[in-house]
Amino acid sequence: MLTAASATTGLILSAGMTFAQTTPAASPPAQAKNAGYYRFRVGDISVTVLSDGLIGGPPRVYASDAPEAELQEVLRHAFLPTDRMTLNLNTLLVETNGRRTLLEAGAGQTMGPQGGRIFQNLAAIGLRPEDIDVVVVSHTHPDHVGNLRTADGGKAFPRAAVFAPRADWDFFVRNDPDLSYMPVPEDFRRNFAAAIKRSVEPVTTGIELYEAGAEIVPGLTTLPALGHTPGMANFLVHSGNDQLLLTADLAYHPIVNVDRPWLPGPDRDKDTALTSRQRIFDMAAADRLLVLGFHYPFPGLGRMLKTDAGYAWVPVNWQF
């Protein structure tokens with residue numbers, strides 16, 4: 001059973017998962033000295049992975065059907081803690097034809113104090129929030145929309161057109177969503193839903209709603225990846241023969257959702273999510289696509305290998 005206790009930063013689960021009740025700060029405290037950005041190219045397109053920091057929680061949340069003893073052994077074998085799984089927040093900046101598009105806004109501090117680093121990482125590559133032209137989110141969970149709002153309630157990316165999946169907007173923003181499927185305490189679910197509405201308030205007027213399958217900007221195609229949420233999309237960045245696939249929350253960590261077939265607890269429709277995961281992972285493996293996992297260890301890049309048991313995650317070599 002998950003237990004919860006109140007703290008100044010928000011709801012804290014016993015294994016370290018946090019859910020902040022404050023709005024994200026535009027200037028998060030400086031912490032790590034290591035690089036929080038990673039640049040490379042997709043054909044003629046310049047792309048940069050920008051870290052928004054970290055979130056995390058009990059491993060059971062992300063591997064809902066794993067036998068407990070096997071889950072513990074897998075984590076130990078991977079030299080990971082058995083009581084807490086740390087997840088990265090890997091957003092992607094796409095620069096092409098004089099336009100800067102940010103894929104995923106990141107969490108800010110809506111889900112704990114270690115998020116919200118995207119702004120300092122933008123500054124590290126010489127950019128400001130005002131330099132972003134377009135923001136596209138795969139779905140409207142707080143860790144993907146949290147940075148849309150500044151601490152004082154304004155637009156964090158003041159010039160940007162913001163795109164979100166229509167089905168997610170209808171479910172999470174226009175209504176009071178039923179989150180009873182989420183394997184977390186009721187207080188966490190309430191704060192989760194409230195954080196979504198709070199985060200998107202500044203962009204509600206003028207929001208651009210899309211159906212997965214649309215090309216948002218040249219070189220960026222959205223792919224249906226339903227199940228985790230009603231409208232979640234994946235992204236395909238393409239230029240010439242080069243392609244980069246962003247898999248959003250099809251999987252949380254390769255150790256438990258790729259190398260093992262365990263089902264993420266936050267998937268709203270687990271059967272549909274599993275079908276989407278298999279379809280897109282099969283495509284990635286067959287086409288040998290470069291893949292970016294939103295929550296994978298930074299910079300989150302690698303490839304899917306098809307195996308007899310399912311799939312294996314193969315991280316790419318670091319490019320200097």
Side-chain angles (χ1 to χ4, degrees), residues 2 4-5 7-26 28-29 31-32 34 36 49-64 75 80-92 102-121 137-149 156 172 179 182-185 187-196 198-200 228-229 232 246-257 264-267 292-300:
L2 297 175
T8 56
T9 55
L11 187 68
I12 300 181
L13 302 191
S14 58
M17 182 186 239
T18 63
F19 198 104
Q21 299 181 52
T22 58
T23 54
Q31 295 184 31
N34 295 320
V49 181
L50 294 168
S51 175
D52 191 47
L54 305 169
I55 59 173
R60 167 66 55 200
V61 171
Y62 311 113
S64 63
L75 294 171
L80 294 174
T82 57
D83 61 343
R84 187 177 195 276
M85 177 158 279
T86 296
L87 304 177
N88 282 253
L89 300 164
N90 301 318
T91 72
L92 188 75
L102 182 65
L103 303 181
E104 311 290 23
Q109 294 184 358
T110 60
M111 296 188 70
Q114 291 185 290
R117 300 182 189 180
I118 190 174
F119 300 103
Q120 69 191 55
N121 287 320
V137 299
S138 64
H139 62 293
T140 60
H141 278 178
D143 51 327
H144 295 255
V145 300
N147 278 321
L148 292 175
R149 176 187 174 124
F172 289 104
L179 302 181
M182 297 183 70
V184 292
D187 282 353
F188 188 97
R189 296 174 194 157
R190 262 196 314 272
N191 290 331
F192 189 93
I196 294 172
R198 209 166 44 237
S199 297
V200 302
H228 181 63
T229 66
M232 191 176 83
L246 284 71
T247 56
D249 285 6
L250 278 185
Y252 280 98
H253 196 293
I255 292 296
V256 297
N257 306 132
D267 286 350
L292 172 60
F294 181 71
H295 288 300
Y296 295 7
F298 181 83

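In what follows, every heavy atom counts, from backbone to side chain, and hydrogens, waters and symmetry copies are set aside. Residue numbers count from 1 along this sequence.
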With side chain to side chain contact (heavy atoms under 4.5 Å, CB included) as the criterion, how do F294 and D143 come out once you've worked through the C-alpha distance, each side chain's angles and the decisive distance to 0.1 Å? CA-CA 10 Å; F294 181 71; D143 51 327; 4.0 Å; yes

Over all atoms of both residues, closest heavy-atom pair of [X] and [Y]:
| X | Y | result |
| --- | --- | --- |
| A248 | S138 | CB-OG, 3.4 Å |
| L54 | L89 | N-CD1, 4.0 Å |
| D52 | A107 | OD2-N, 2.8 Å |
| T247 | Y296 | OG1-OH, 4.4 Å |

Working for side chain to side chain contact (heavy atoms under 4.5 Å, CB included), residues N147 and F119: CA-CA 9 Å; N147 278 321; F119 300 103; 3.4 Å; yes

Would you say the side chain of P254 lies within less than 4.5 Å of the side chain of P297, judging by non-hydrogen atoms? yes

Less than 4.5 Å apart, any side-chain heavy atom of R198 and any of T110? no

Please name the residue in the list T91, I118, L292 that meets the side chain to side chain contact (heavy atoms under 4.5 Å, CB included) test with E104. T91

If we count only N and O atoms by modelled type, under 3.5 Å, do the side chains of H139 and D249 hold a donor and an acceptor together? yes

S51: side chain to side chain contact (heavy atoms under 4.5 Å, CB included) partners, not counting sequence neighbours: N121, F298

Would L250 and M232 satisfy side chain to side chain contact (heavy atoms under 4.5 Å, CB included), going step by step from the backbone distance to the final call? CA-CA 9 Å; L250 278 185; M232 191 176 83; 4.0 Å; yes

So F172 and V200, side chain to side chain contact (heavy atoms under 4.5 Å, CB included) or not? Walk me through it. CA-CA 10 Å; F172 289 104; V200 302; over 6 Å; no

Non-neighbouring partners of Y252 that pass ring pair (Phe, Tyr, Trp, His ring centres under 6.0 Å), sequence neighbours left out: Y62, H228, H295

